[in-house]
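Presented below is the structure to which this report refers.
All residue numbers in this chain count up from 1 along the given sequence. First listed ligand is number 1; within each ligand, the first listed atom is number 1. Values below: every heavy atom of this structure, side chains too, minus hydrogens, waters and symmetry copies.
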Amino acid sequence: MFYKMKFRFHFSSGYIFLVLALAAFHSSCSKQQQPPAEASAAGASVPATNAAPTPQPGSTAPVAGRSTSKSQFNGKRAMQYVKEIVAMGARPPGSAAHAKLEQYILAKLNGVDVEQDKFTAQTPTGKFPINNIIAKFPGTKDGIIVVAGHYDTAYPLGKSFVGANDGGSSTALLLELADELRGKQLDGYSIWLVWTDGEEAFVRWTDTDSVYGARHLAQKWQADGTAKKIKAFILVDMIGDADLDILKDTNSTPWLRDLVYQAASNLGYQSHFYDWQTPMEDDHKPFVKIGIPSVDLIDFTYGYNNVFWHTPDDSVDKLSAQSLGITGDVVLETIRLLNAR
Ligand SMILES: [Zn+2]
């Protein structure tokens with residue numbers, strides 16, 4: 001009954017069925033991590049909303065096309081972080097587990113320039129403390145690239161919902177990025193990592209009951225002039241799914257969305273990107289609204305017909321270090337491309 005409208009279709013129900021059927025078909029196709037050449041070709045012939053995926057070179061290994069020289073993101077360590085985060089239990093705002101996770105993130109950021117954007121949100125079920133955590137890694141170039149992801153889990157789903165993918169994967173990916181950026185002299189834009197809070201609805205997803213932290217931060221950045229300095233806002237959400245299929249979000253800024261695809265293609269990961277498209281409601285929306293180029297990297301086909309989403313089945317066994325690694329590397333490659341623009 002607590003249904004989060006993460007995406008909204010503006011089409012007829014018949015079309016929705018078609019889109020879902022295609023998505024389901026795609027998802028069943030891409031479950032084969034090591035497809036033989038024919039299967040790969042058959043998969044590519046499925047009508048897709050974007051460029052047909054090309055078979056990856058050297059597709060005998062699960063990490064097909066992943067060049068070791070290009071991959072630097074440690075997906076295994078990110079996976080370890082997911083496990084530690086999930087072990088805390090459900091992490092909705094105001095809970096003891098949420099407070100524990102805040103301390104856990106802050107402890108991992110020891111020695112980094114950290115800002116906390118704390119406020120009290122008025123929600124349909126009362127007032128809740130919200131805290132966006134911002135880690136700043138200074139660069140040599142004037143401008144900021146933001147990588148964000150939420151760390152709260154859905155409040156109405158209660159203690160049985162540990163959100164390994166939905167909440168856990170984004171938190172962990174950012175922690176691993178922090179590890180990789182720490183102590184480095186960034187030859188480019190500054191990078192800010194933002195663990196957003198209160199992404200989830202408290203009762204039912206609406207414009208006012210969702211993305212509490214992101215709305216607050218966007219407003220703040222617009223007021224204090226930070227927004228003008230932000231070159232790109234890259235959001236990650238539910239990117240740990242072992243069957244990684246990041247959709248093409250039509251609410252994202254087109255050129256930045258294309259740049260992400262370029263980054264994925266450079267690394268040979270384009271088969272995990274943009275097989276289908278839909279407008280997503282997520283933390284990036286408030287930043288799009290104030291004119292910051294923003295993109296949402298989200299896999300919303302989590303299990304057949306998205307059945308694991310917002311259920312107790314959103315557990316660590318559905319995730320893979322490889323998917324976290326692919327997303328992490330694509331984010332890093334996107335940052336490289338942004339700096340080269
Ligand atoms: Zn969610």
Practice task
Might you work through the side-chain hydrogen bond (donor to acceptor under 3.5 Å, both in side chains) test for Asp197 and Tyr212, ending with a clear yes or no?
Solution key: CA-CA 7 Å; Asp197 195 7; Tyr212 291 90; over 6 Å; no
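With a cut-off of 2.8 Å, the Zn ion (ligand 1) has no N, O or S atom of Glu199 in range.
Under 4.0 Å is where a charged nitrogen must lie from a carboxylate oxygen, and between Arg91 and Glu200 no such pair does. Electrostatic pairing of Arg77 and Asp179 counts as a salt bridge here, judged by a charged N lying under 4.0 Å from a carboxylate O.
Looking at Asp166 and the Zn ion (ligand 1) together, the shortest N, O or S contact belongs to OD2. Per residue Glu200, closest N, O or S atom to the Zn ion (ligand 1): atom name OE2.
Listed by first then second residue, pairs satisfying ring-ring contact (aromatic ring centres under 6.0 Å, His included) with a partner in residues 92-142 read His98-Tyr151, Phe119-His216, Phe128-Tyr155, Phe128-Phe202, not counting sequence neighbours.
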